[in-house]
Amino acid sequence: MITLTRAEEQIMQVIWKLDKAFLKEIIDELPNPKPHNNTVATIIKILTEKEFVGLKVFGRMHQYYPLVGKDAYSKNSMKRLVKGYFEGNFSNAVSCMVKENDLSIDDLELLLKQLKKIKN
């Protein structure tokens, strides 16, 4: 799967949230200061070319929708992160989060319960 830029990911987050949206709706969801309409339209065009976003044409208006799901992209991004920074070892990634106090014992216990549920 292709990696997206930060700006592309920001637009995808909005499209995933809205599921279907016109350009104005996407811009309305973006934080201030809002990028120019042409900037957002260009990013959406790139996302369409990368086959992350599809579109339906309604006269002169385009409605955009995701072709790649948020879960699929998140899973791929996590694998890429672990491979690039933790030698492909998820245990190393979790250990790093524990050391940085980003994961508590309760978080780890919840994670363990979820893993046991998946395995059964």
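What you see is a predicted model; the values in this text were computed from it and never measured.
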Under 3.5 Å: donor-acceptor pair, side chain of Lys20, backbone of Gln63: no
Heavy-atom pair of closest approach, residues Ile11 and Leu30: CD1-CD1, 3.8 Å
Contact summary for Pro66 and Trp16, nearest pair of heavy atoms: CB-CD1, 3.6 Å
Lys45 and Glu49 ion-paired at < 4.0 Å: yes
Same cluster (ILVMFWY, side-chain, under 4.5 Å), Phe90 and Leu81: yes
N/O donor-acceptor pair under 3.5 Å between Asp107 side chain and Ser104 backbone: yes
Tyr64: which of Asp19, Leu47, Ile26 passes side chain to side chain contact (heavy atoms under 4.5 Å, CB included): Ile26
His62 side chain reached by Phe22 side chain, heavy atoms, under 4.5 Å: no
Nearest-0.5 Å distance that lies between atom CD in Glu29 and atom NZ in Lys17: 4.0 Å
Main-chain N/O of Lys70 paired to Ser74 side chain as donor or acceptor, under 3.5 Å: yes
Reported CD1-to-CD1 distance for the pair Ile2 and Ile46, which is rounded to 0.5 angstrom: 11.5 Å
salt_bridge(Lys75, Asp71) N-O dist < 4.0 Å: no
Contact summary for Leu55 and Val57, nearest pair of heavy atoms: CD1-CG2, 3.5 Å
Aromatic plane relationship, Phe52 with Tyr73 - under 30° parallel, 30 to 60° tilted, over 60° perpendicular: perpendicular
Salt bridge (charged side-chain N to carboxylate O under 4.0 Å, His left out) between Lys50 and Glu8, intermediate numbers included: CA-CA 10 Å; Lys50 289 182 174 183; Glu8 292 166 349; 2.8 Å; yes
Other residues, nucleotides, ligands: >12 heavy atoms within 6.0 Å of Ile105 CD1: no
Distance in Å, Thr39 OG1 paired with Ile43 CD1, rounded so as to fall on 0.5 Å steps: 6.5 Å
Leu108-Leu110 co-clustered via ILVMFWY side chain contacts under 4.5 Å: no
Cluster overlap Phe86 with Met78, hydrophobic side-chain contacts below 4.5 Å: yes
Separation between CD1 of Ile44 and CG of Asn37, rounded to the nearest 0.5 Å: 10.0 Å
Linked, directly or transitively: Met12 and Ile27 (ILVMFWY side chains, under 4.5 Å): yes
